[in-house]
2 protein chains.
Amino acid sequence: MNTPARLDATFAALADPTRRAILARLALGEATVGELGEPFAMSQPAISKHLRVLELAGLIRRGRDAQRRPCRIEAAPLAEANAWLERYRQLWEMRFDDLDRLLDEMKAAGKPARKPRVRRKS
Amino acid sequence: MNTPARLDATFAALADPTRRAILARLALGEATVGELGEPFAMSQPAISKHLRVLELAGLIRRGRDAQRRPCRIEAAPLAEANAWLERYRQLWEMRFDDLDRLLDEMKAAGKPARKPRVRRKS
DNA sequence: ACCATGCATAACAATCGAGTTATGTAACTC
DNA sequence: GAGTTACATAACTCGATTGTTATGCATGGT
């Protein structure tokens, strides 16, 4: 799986509150499928499906303990997602005036950035 | 839009390489719909749809310049996504042995973490 | 041996997502 | 005012997601 596809899978896996909650639970330590599903008003196969999505995204690994399939979080893909987001950090850490100034600088540097426009009523 | 729903929308918007590329382009400055679509082998309505997804996720804003609809990146939701990921940073920054030690500590602290198991042939 | 536990898998329904082509529309150009 | 540019919107296709119920299956307990 190359990096763009892995980012696809990672972000898609994170785009669901149930799966994010499952990861939050797993951050506290291993848990079985039953333990993971208990907080949710959802059938057990639905939980299994969410776990499969997380597994395919490489965000969890499943072990075996008798009938149990304890899950562990695997945070490496989160690091990649974080690395992608990092490239935009300056864009959200700046205040608005700074942003405008940056865009002006970029425009002055020959980038095809357009003039900031008047904001409509939205 | 409350925070979980906004995270849903943000992560879902990022789970597409076209939209990530559009954001990367917008990080360099404003661009029109045509400029944004030019790198992609895709119809113009498809690009408009991607832009609408980004707009609904609050990741871009659209202005108006005659017939053009220049788009600007709006990085605030990325900050929220980043904040969510940050809570897992220690999980991916640790080496494996450290992770095992942390889980053991958590287990010792009364958390229902299970014993690390023997890894199967996978 | 037999039943219970813990989970996966199959089959299905409903919704969503991403793309298409065709068409509508606002603003500029001449 | 007629055509062009730049984009949006509508209607559709099709595959992927997300949930369900029903069932299968390995393991452990008695």
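Predicted model only: the values in this text are computed from it and were never measured. Numbers restart at 1 for each chain; the letters A, B, ... are given by sequence-line order, proteins then strands.
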**Q** Just N and O in the side chain of A:Ser43: are any of them under 4.0 Å from OP1 or OP2 of D:dT20?
**A**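 Answer is yes, contact under 4.0 Å.
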
**Q** So do A:Ile73 and B:Trp92 actually touch side chain to side chain, heavy atoms under 4.5 Å?
**A**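 A side-chain contact under 4.5 Å is absent here.
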
**Q** Sugar-phosphate atoms are those with a prime plus P, OP1 and OP2; base atoms are the rest. Using that split, label each nucleotide of nucleotides 7-12 of chain C B, S or - for protein heavy atoms under 4.0 Å, 5' to 3'.
**A** BBB-B-

**Q** Please give, in whole Å, the distance from D:dC7 C1' to B:Ile60 CD1?
**A**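 Interatomic distance, CD1 of B:Ile60 to C1' of D:dC7: 13 Å.
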
**Q** To the nearest Å, give me how far apart CG (B:Asp65) and C1' (C:dA26) are.
**A**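 It works out to 13 Å between those atoms.
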
**Q** Within residues 10-20 of chain B, find the residues that approach DNA chain D with a heavy atom at under 4.0 Å, and present them sorted by residue number.
**A**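 Heavy-atom cutoff 4.0 Å gives no residues at all.
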
**Q** Considering non-hydrogen atoms only, spot the tightest contact between B:Arg20 and B:Leu14 and give its length.
**A**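 For B:Arg20 versus B:Leu14, the nearest heavy atoms are NH1-O, 2.7 Å.
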
**Q** Would you say D:dA26 has OP1 or OP2 under 4.0 Å from some side-chain N or O of A:Arg64?
**A**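 Indeed not, no polar side-chain atom of A:Arg64 lies that close.
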
**Q** Check whether any side-chain N or O of B:His50 sits under 4.0 Å from OP1 or OP2 of C:dG17, and answer yes or no.
**A**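 So the side chain of B:His50 is outside the cut-off, no N or O lying under 4.0 Å from OP1 or OP2 of C:dG17.
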
**Q** Would one find more than 12 heavy atoms of other residues, nucleotides or ligands at under 6.0 Å from atom CZ of B:Arg89?
**A**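 Count over threshold, so yes.
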
**Q** In plain terms, say whether A:Arg62 and A:Glu55 are close enough for a salt bridge, that is, a side-chain N and a carboxylate O under 4.0 Å apart.
**A**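 Answer for the salt bridge query: yes.
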
**Q** Just wondering, do A:Arg6 and A:Glu80 contact through their side chains at under 4.5 Å, heavy atoms?
**A**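 Counting from C-beta outward, A:Glu80 and A:Arg6 do come under 4.5 Å.
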
**Q** Are B:Met42 and B:Leu36 connected in a single hydrophobic cluster, I mean Ile/Leu/Val/Met/Phe/Trp/Tyr linked by side-chain heavy atoms less than 4.5 Å apart?
**A**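 As far as the 4.5 Å side-chain criterion goes, B:Met42 and B:Leu36 are connected within one cluster.
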
**Q** How long is the line joining CG of B:Leu36 and P of D:dA8, in whole Å?
**A**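 The distance from CG of B:Leu36 to P of D:dA8 comes to 10 Å, rounded to the nearest Å.
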
**Q** By side-chain contact (heavy atoms from CB on, under 4.5 Å), which residues pair with B:Ala21, not counting sequence neighbours?
**A**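 In terms of side-chain contact (heavy atoms from CB on, under 4.5 Å), with neighbours along the sequence ignored, B:Ala21 is linked to B:Phe40.
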
**Q** Could you state the CG-C1' distance from B:Leu56 to C:dA18, rounded to the nearest angstrom?
**A**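 Checked: the CG to C1' distance equals 15 Å.
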
**Q** For A:Phe11 and B:Asp16: C-alpha separation, side-chain torsions, deciding distance, then whether side chain to side chain contact (heavy atoms under 4.5 Å, CB included) applies.
**A** CA-CA 8 Å; A:Phe11 282 130; B:Asp16 183 287; over 6 Å; no

**Q** If the test is side-chain contact (heavy atoms from CB on, under 4.5 Å), which one of B:Arg68, B:Arg69, B:Glu38 qualifies with B:Thr32?
**A**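 Of all the options given, the one that passes is B:Arg68.
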
**Q** Describe the nucleic acid contact of B:Ala46 in one word from base, sugar-phosphate, nothing, applying a heavy-atom distance below 4.0 Å.
**A**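 Base, at least one base atom sits under 4.0 Å.
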
